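Source: prediction; values computed, not measured. Position 1 is the first residue of the sequence; numbering continues from there.
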Amino acid sequence: GLQGGPWSFFASANYVDAVCTEAICGPFEKTESAVIVDVSAHYRFGSRWELYGVVENVADEIFVAARDPYGARPNKPRSFTAGLRVDF
């Protein structure tokens, strides 16, 4: 992360390894591996107020995150969050 004045920026990368979903790990009984990158920016104004924005899964990496109980399912797609934080 970087912080300077009222601004701060952060990035994180998470590696998710492939996992067997059954004791016998056949070709359709395993999840996929991936690297997921998230970023956020924050702007603090005043002593109590902060605006922020977050982008999860920046590259919109799609992989099989689960296979049970109803077959292959993808991970969470790219998502955006923005908000206002107030300290009391």
_Quick check for you: to the nearest 0.5 Å, what is the distance between R48 atom CZ and F88 atom CZ?_
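Reported value, rounded in 0.5 Å steps: 6.0 Å.
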
*Give, for atom CD of E29 and atom CD1 of I24, the distance between the pair rounded to the nearest 0.5 Å.*
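Answer for the CD-CD1 pair, E29 versus I24, is 7.0 Å.
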
*Return the set of residues passing ring pair (Phe, Tyr, Trp, His ring centres under 6.0 Å) with F9 (not counting sequence neighbours), or none when no residue passes.*
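For F9, the residues satisfying ring pair (Phe, Tyr, Trp, His ring centres under 6.0 Å) (neighbours in sequence not counted) are W7.
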
Nearest heavy-atom neighbours spanning [X] and [Y]:
X	Y	answer
T31	V64	CB-O, 3.3 Å
A65	P74	CB-C, 4.0 Å
F28	R67	O-CD, 3.1 Å

*Looking at residues at least two apart in the chain, or sitting in another chain, which of them share a side-chain hydrogen bond (donor to acceptor under 3.5 Å, both in side chains) with Y70?*
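Partners of Y70 by the side-chain hydrogen bond (donor to acceptor under 3.5 Å, both in side chains) criterion come out as none, since no residue qualifies.
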
*Can you sort out the partners of S40 under side-chain hydrogen bond (donor to acceptor under 3.5 Å, both in side chains), two or more places apart, ordered by chain and number?*
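Scan of S40 (side-chain hydrogen bond (donor to acceptor under 3.5 Å, both in side chains), adjacent residues dropped) gives H42.
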
Is the shortest heavy-atom distance from the side chain of [X] to the side chain of [Y] under 4.5 Å?
X	Y	answer
V35	E61	no
D38	V54	no
S33	Y15	yes

*Taking the side chain from R78 and the backbone from V58, do they hold a donor-acceptor pair closer than 3.5 Å?*
yes

*Partners of C25 by side chain to side chain contact (heavy atoms under 4.5 Å, CB included), sequence neighbours excluded?*
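Listed in chain order: C20, K30.
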
*Among residues two or more places apart or on two chains, list those pairs meeting disulfide (SG to SG under 2.5 Å) that have a residue in residues 56-88.*
none

Group every Ile, Leu, Val, Met, Phe, Trp and Tyr by side-chain heavy-atom contacts under 4.5 Å, then state whether [X] and [Y] land in the same group.
X	Y	answer
Y43	W49	yes
V39	L2	no
F45	Y52	no

_side chain to side chain donor-acceptor pair (under 3.5 Å) pairs, two or more places apart, involving residues 79-88_ = R44-D87, E50-R85, E56-S79

